[in-house]
Amino acid sequence: VDESTPPRTLSGRTLEALAEYIKSGKASKIVVMTGAGISTSAGIPDFRSPETGLYANLARLNLPYAEAVFDISYFRENPEPFYALAHELYPGKYRPTVTHSFIRLLQDKGLLLKLFTQNIDCLEREAGVSDDKIIEAHGSFARQSCIDCSQPYPEENIKEHIDKREIPRCHHCKGLVKPEIVFFGEQLPAAFFQSRTLPMQADLCIVMGTSLTVQPFASLPGMTREETPRVLINKERVGGIGSGSDDVLILGDCDDGVRKLAEACGWLEELEALWATT
Ligand code: APR
């Protein structure tokens, strides 16, 4: 045996080998990393898919470039496009997917160490993943505040403004109010930096529905130990996952992927029952 290759954790890079590992009880500290791809089947577009992605459909907002809609300096100049988009994206209209329920199932089985999500739709919370298990790396619509004086802004007012497509202004200093979504040019929440070494403690890493193109989130899968298996459940290969000696690729729709994995673990009925109540 070539000494330089580390001993393999899985008996193969297959879904069956992965399920065997999970059923053995050796995967009890699972970190999950997710992006917009896990919410597309709920009706929320992702960002970069060619036809359906948000960035391909913002032409009507005549932005200088698509990501300007989430750029803090552009927002200061012109908050209209973001608020037009917020009207479409605001939580409460969408149901979690079976992929969100799969994460909840891992939690209920005591196997979820932490979920790192880039999503701002709060669907993980709605699926029943508890607050202490979630790191919303790019913030969320859960809170909003003034971008000048940081004064918190009451949620009920912002809902009203978003419904009426009006731009909410700070009651205190008349500054622009913005949901605490991390815009390009803004710092990620402290909670992200406090938890970013957690993947080193994980004994399994599951990455789902993300292009892994935005840093520093995209560096998370690389924080795992060499011997920690990493699973990619995604339409396409991303982030170099698949080259590691214990990487498993479950390519295709993530709802199908989590159902396949749940079935191999003997959890499919439980998963469907959980999702049916969500
Ligand atoms: N099943 C599996 N994979 C899917 C599905 C699906 N139903 N739908 C989309 N995908 C995949 C796409 O192929 C792509 O690889 O999910 C990924 C989505 O990538 P992005 O659209 O780039 O979304 P995300 O990775 O979350 O973007 C990261 O970019 O604009 C910023 O802050 C924003 O958090 C966002 C960040």
Side-chain angles (χ1 to χ4, degrees), residues 15 32-58 61 63-75 81-82 85-86 88-89 91 94-103 115-124 127 134-142 178-189 191-192 196 206-222 230-242 248-262 275:
L15 184 121
V32 178
M33 295 151 190
T34 55
I38 72 165
S39 298
T40 49
S41 69
I44 304 174
D46 70 6
F47 294 93
R48 294 175 180 81
S49 280
E51 274 75 45
T52 53
L54 214 56
Y55 291 148
N57 290 287
L58 290 176
L61 296 174
L63 294 156
Y65 56 95
E67 289 172 322
V69 71
F70 291 120
D71 181 286
I72 190 66
S73 44
Y74 182 80
F75 178 77
F82 170 75
L85 190 61
E88 282 168 47
L89 287 180
Y94 302 100
R95 177 190 177 201
T97 68
V98 70
T99 300
H100 291 100
S101 292
F102 179 75
I103 303 167
L115 162 67
F116 294 87
T117 184
Q118 299 169 91
N119 298 342
I120 57 176
D121 53 37
C122 295
L123 287 183
E124 302 91 351
I134 303 178
I135 297 287
E136 286 156 331
H138 294 167
S140 80
F141 276 103
K178 178 179 83 57
E180 289 175 5
I181 289 166
V182 180
F183 273 34
F184 291 106
E186 287 190 307
Q187 269 294 353
L188 273 68
F192 174 83
R196 75 182 302 186
I206 303 177
V207 180
M208 301 193 274
T210 176
S211 60
L212 287 181
T213 45
V214 174
Q215 291 295 356
F217 189 95
S219 63
L220 284 173
R230 298 182 310 176
V231 189
L232 175 67
I233 303 180
N234 203 60
K235 273 191 179 153
E236 59 194 351
R237 283 192 60 166
V238 295
I241 302 179
V248 177
L249 296 174
I250 305 177
L251 298 183
D253 184 89
C254 54
D255 291 347
D256 297 343
V258 297
R259 284 193 165 102
K260 276 191 213 134
L261 180 52
W275 186 48

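Both counts, for ligands and for their atoms, begin at 1 and track the order of listing. Atom set for the values below is all heavy atoms of this structure, side chains included, hydrogens, waters and symmetry mates excluded.
Between Phe47 and Tyr55, the distance separating the two ring centers is shorter than 6.0 angstrom.
Of all atoms in ligand 1, listed by their number and element, those nearer than 4.0 Å to a heavy atom of Gly35 are 26 (O). Counting the atoms of ligand 1 from 1 in the order shown, those under 4.0 Å from a heavy atom of Gln118 are 25 (O), 26 (O), 28 (C), 34 (O), 36 (C). Close approach to Glu236 involves these atoms of ligand 1, each under 4.0 Å from a residue heavy atom: 12 (C), 13 (O), 14 (C), 15 (O). Close contacts between ligand 1 and Phe184 involve ligand atoms 30 (O), 31 (C) [criterion: under 4.0 Å to a heavy atom]. Listed by number with element, the atoms of ligand 1 under 4.0 Å from a non-hydrogen atom of Asp46 are 9 (C), 12 (C), 18 (C), 21 (O). Listed by atom number, the atoms of ligand 1 under 4.0 Å from Gly252 heavy atoms are 1 (N), 2 (C). Residue contact check: Tyr55 has heavy atoms under 4.0 Å from atoms 30 (O), 31 (C) of ligand 1.
Arg48 NH1, 2.9 Å is the protein heavy atom nearest to atom 29 (O) of ligand 1. Residue, atom and distance of the protein heavy atom nearest to atom 36 (C) of ligand 1 are Val214 CG2, 3.7 Å. Annotation: atom 35 (C) of ligand 1 to nearest protein heavy atom, Phe47 CE1, 3.6 Å. Protein heavy atom at the shortest distance from atom 10 (N) of ligand 1 is Gly37 CA, 3.7 Å. Looking from atom 25 (O) of ligand 1 to the surrounding protein, the closest heavy atom is Thr210 OG1, 2.7 Å. For atom 1 (N) of ligand 1, the closest non-hydrogen atom of the protein is Cys254 N, 2.9 Å. Nearest protein neighbour of atom 19 (O) of ligand 1, counting heavy atoms only, is Ser211 N, 3.3 Å. For atom 4 (C) of ligand 1, the nearest protein heavy atom (residue, atom name, distance) is Lys235 CG, 3.7 Å.
Ligand 1 is approached by Gly209 to a heavy-atom distance shorter than 4.0 Å. Using 4.0 Å as the threshold, Phe217 has no heavy atom nearer than that to any atom of ligand 1.
Every pair passing side chain to side chain donor-acceptor pair (under 3.5 Å) that includes a residue from residues 208-220 is listed here, sequence neighbours excluded: Gln118-Thr210, Arg196-Ser219, Ser211-Thr213.
The two residues Tyr94 and Leu89 come nearest to each other via the heavy atoms CE1-O, 4.3 Å. Listed here is the closest heavy atom pair of Glu124 and Thr34: OE2-OG1, 4.1 Å.
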- Message: Is there a side chain to side chain contact (heavy atoms under 4.5 Å, CB included) between Leu232 and Val238? Walk through the geometry before answering.
- Response: CA-CA 8 Å; Leu232 175 67; Val238 295; 3.7 Å; yes
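Of the heavy atoms in Asp253, both backbone and side-chain atoms come closer than 4.0 Å to ligand 1. Contacts between Thr40 and ligand 1, counted as non-hydrogen atom pairs separated by less than 4.0 Å, involve the side chain only.
Here the side chains of Pro221 and Ile241 are in contact, with some heavy-atom distance below 4.5 Å.
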Under 3.5 Å donor-acceptor pairs involving side-chain atoms of residues 254-262, not counting sequence neighbours:
residue: Asp255; atom: OD1; partner: Thr99; partner atom: OG1; Å: 2.5
residue: Asp255; atom: OD2; partner: Ser41; partner atom: OG; Å: 2.6
residue: Arg259; atom: NE; partner: Glu272; partner atom: OE2; Å: 2.5
residue: Arg259; atom: NH2; partner: Glu272; partner atom: OE1; Å: 3.3

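By the 6.0 Å and 45° rule, Lys178 does not stack over the aromatic ring of Phe82.
Side-chain N or O atoms of Asn119 include one that pairs as donor or acceptor with a backbone N or O of Gly35 at under 3.5 Å. When atom types are taken as modelled, the side chain of Trp275 and the backbone of Phe102 share no donor-acceptor pair closer than 3.5 angstrom. Proximity of a side-chain donor or acceptor of Asp71 to a complementary backbone N or O of Ala66 within less than 3.5 Å is not detected. A donor-acceptor pair under 3.5 Å is formed between the side chain of Thr97 and the backbone N or O of Ile38.
The closest heavy-atom contact to atom 32 (O) of ligand 1, among the options Glu67, His138, Met33, comes from His138.
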